[in-house]
Amino acid sequence: MKKICIFDYDGCLIREYAPKGETLSAFYRRNVFWRNLFYKTTNLLLILLAEKSKGNLIVICTAREYRWWLPFVLWFKGIPYDVLIQRYVGDMTPTGILKQKQILEFIISNNDYIFADKDFYDDNQENLDMVGMINNVRVYNANLFI
């Protein structure tokens with residue numbers, strides 16, 4: 001098993017346009033399919049593409065509620081991935097706890113993933129702190145790459 005590279009979507013792979021202080025639910029209601037087609041990708045996409053070319057497993061872990069169209073948007077933007085993890089509709093778990101839980105469930109779902117090296121890229125310090133508690137996960141602040 002090669003390395004597992006886990007990327008956040010909003011603010012990491014794409015430039016989000018969420019005003020500071022906007023609630024999560026308001027952002028998701030406003031953040032519709034058509035707007036997503038026009039969000040620009042960031043320099044972190046170059047790291048994702050390099051990791052994919054090395055044969056590493058690419059996981060996109062977003063706190064967005066499940067949207068059926070997100071895989072199409074990723075394809076349209078040229079963002080390859082092997083696994084897409086989205087928030088369940090109606091789940092109001094704080095983002096840091098949510099991502100920690102989602103990543104742990106993903107790792108435990110396959111024994112091969114337990115001992116693999118894992119890199120996690122996110123732009124939110126709370127998410128980095130929570131996911132950093134998981135063994136074998138190196139966290140990277142995406143703001144340093146954007």
Side-chain angles (χ1 to χ4, degrees), residues 2-52 54 56-110 113-114 116-146:
K2 296 217 178 206
K3 184 168 54 170
I4 299 171
C5 300
I6 307 164
F7 295 86
D8 178 38
Y9 182 63
D10 293 299
C12 291
L13 293 174
I14 61 145
R15 296 187 197 287
E16 63 183 14
Y17 299 103
K20 294 288 183 200
E22 182 177 42
T23 65
L24 191 62
S25 59
F27 173 70
Y28 290 135
R29 278 194 306 274
R30 183 179 57 73
N31 201 350
V32 296
F33 173 75
W34 295 110
R35 286 184 185 216
N36 278 264
L37 290 177
F38 299 103
Y39 289 161
K40 295 190 183 331
T41 58
T42 67
N43 293 335
L44 199 57
L45 180 58
L46 299 175
I47 293 172
L48 183 148
L49 294 171
E51 294 295 344
K52 182 70 174 166
K54 295 176 190 173
N56 293 324
L57 187 77
I58 303 298
V59 177
I60 297 178
C61 181
T62 179
R64 287 173 174 236
E65 282 189 340
Y66 172 81
R67 295 292 184 252
W68 64 268
W69 45 259
L70 188 53
F72 172 75
V73 170
L74 293 169
W75 170 82
F76 180 77
K77 295 194 165 300
I79 303 174
Y81 65 94
D82 299 297
V83 177
L84 175 60
I85 301 171
Q86 300 181 68
R87 178 189 294 266
Y88 291 115
V89 175
D91 184 346
M92 296 304 291
T93 304
T95 304
I97 295 169
L98 175 77
K99 288 195 176 191
Q100 182 189 58
K101 180 181 139 192
Q102 289 173 323
I103 291 169
L104 276 170
E105 287 175 358
F106 169 72
I107 292 168
I108 293 169
S109 71
N110 185 321
Y113 300 156
I114 293 172
D117 289 332
K118 298 162 208 65
D119 291 347
F120 176 69
Y121 297 86
D122 202 299
D123 62 328
N124 181 303
Q125 190 60 49
E126 179 188 347
N127 298 347
L128 294 168
D129 294 342
M130 293 301 293
V131 173
M133 293 180 190
I134 303 171
N135 287 339
N136 250 7
V137 177
R138 286 182 303 272
V139 296
Y140 299 94
N141 187 331
N143 292 320
L144 301 176
F145 300 95
I146 296 176

Partner set under side-chain hydrogen bond (donor to acceptor under 3.5 Å, both in side chains) for [X], not counting sequence neighbours:
{"X": "Gln86", "answer": "none"}
{"X": "Asn110", "answer": "none"}
{"X": "Tyr81", "answer": "none"}

Is [Y] close to [X] at the side-chain level, that is, under 4.5 Å between some pair of heavy atoms?
{"X": "Phe106", "Y": "Ile4", "value": "yes"}
{"X": "Phe145", "Y": "Asn43", "value": "no"}
{"X": "Asp8", "Y": "Lys99", "value": "yes"}
{"X": "Thr95", "Y": "Arg87", "value": "yes"}
{"X": "Leu48", "Y": "Cys5", "value": "no"}
{"X": "Leu49", "Y": "Pro80", "value": "yes"}
{"X": "Ile107", "Y": "Ile134", "value": "yes"}
{"X": "Val73", "Y": "Tyr9", "value": "yes"}

Minimum heavy-atom distance [X]-[Y], with the two atoms named:
{"X": "Lys77", "Y": "Ile14", "answer": "CD-CG2, 4.1 Å"}
{"X": "Pro71", "Y": "Leu84", "answer": "CG-CD2, 3.9 Å"}
{"X": "Asn136", "Y": "Ala116", "answer": "ND2-O, 3.5 Å"}
{"X": "Ile103", "Y": "Cys61", "answer": "CG1-SG, 4.2 Å"}
{"X": "Trp69", "Y": "Arg64", "answer": "CH2-NH1, 3.7 Å"}
{"X": "Asn143", "Y": "Asn141", "answer": "N-OD1, 2.9 Å"}

Quick one: [atom1] on [X] to [atom2] on [Y], what's the gap to the nearest 0.5 Å?
{"X": "Leu45", "Y": "Ile79", "atom1": "CG", "atom2": "CD1", "answer": "5.5 Å"}
{"X": "Gln125", "Y": "Met130", "atom1": "CD", "atom2": "CE", "answer": "12.5 Å"}
{"X": "Gln100", "Y": "Asp129", "atom1": "CD", "atom2": "CG", "answer": "10.5 Å"}
{"X": "Gln102", "Y": "Asp91", "atom1": "CD", "atom2": "CG", "answer": "7.5 Å"}
{"X": "Ile47", "Y": "Leu13", "atom1": "CD1", "atom2": "CG", "answer": "10.0 Å"}
{"X": "Ile114", "Y": "Ile108", "atom1": "CD1", "atom2": "CD1", "answer": "7.0 Å"}

Is the backbone N or O of Glu51 less than 3.5 Å from a side-chain atom of Lys3, with the two atoms forming a donor-acceptor pair by type?
-> no
Counting only N and O atoms by type, is there a donor-acceptor contact under 3.5 Å from the side chain of Asp82 to the main-chain atoms of Ile58?
-> yes
Between Val137 and Ile6, is a side-chain contact (heavy atoms from CB on, under 4.5 Å) present by the stated rule, with each step listed?
-> CA-CA 10 Å; Val137 177; Ile6 307 164; 5.6 Å; no
Would you please classify the geometry between the Phe7 ring and the Tyr121 ring as parallel, tilted or perpendicular, with 30° and 60° separating the classes?
-> parallel
Can Asn124 and Asp122 be counted as having a side-chain donor-acceptor contact under 3.5 angstrom?
-> no
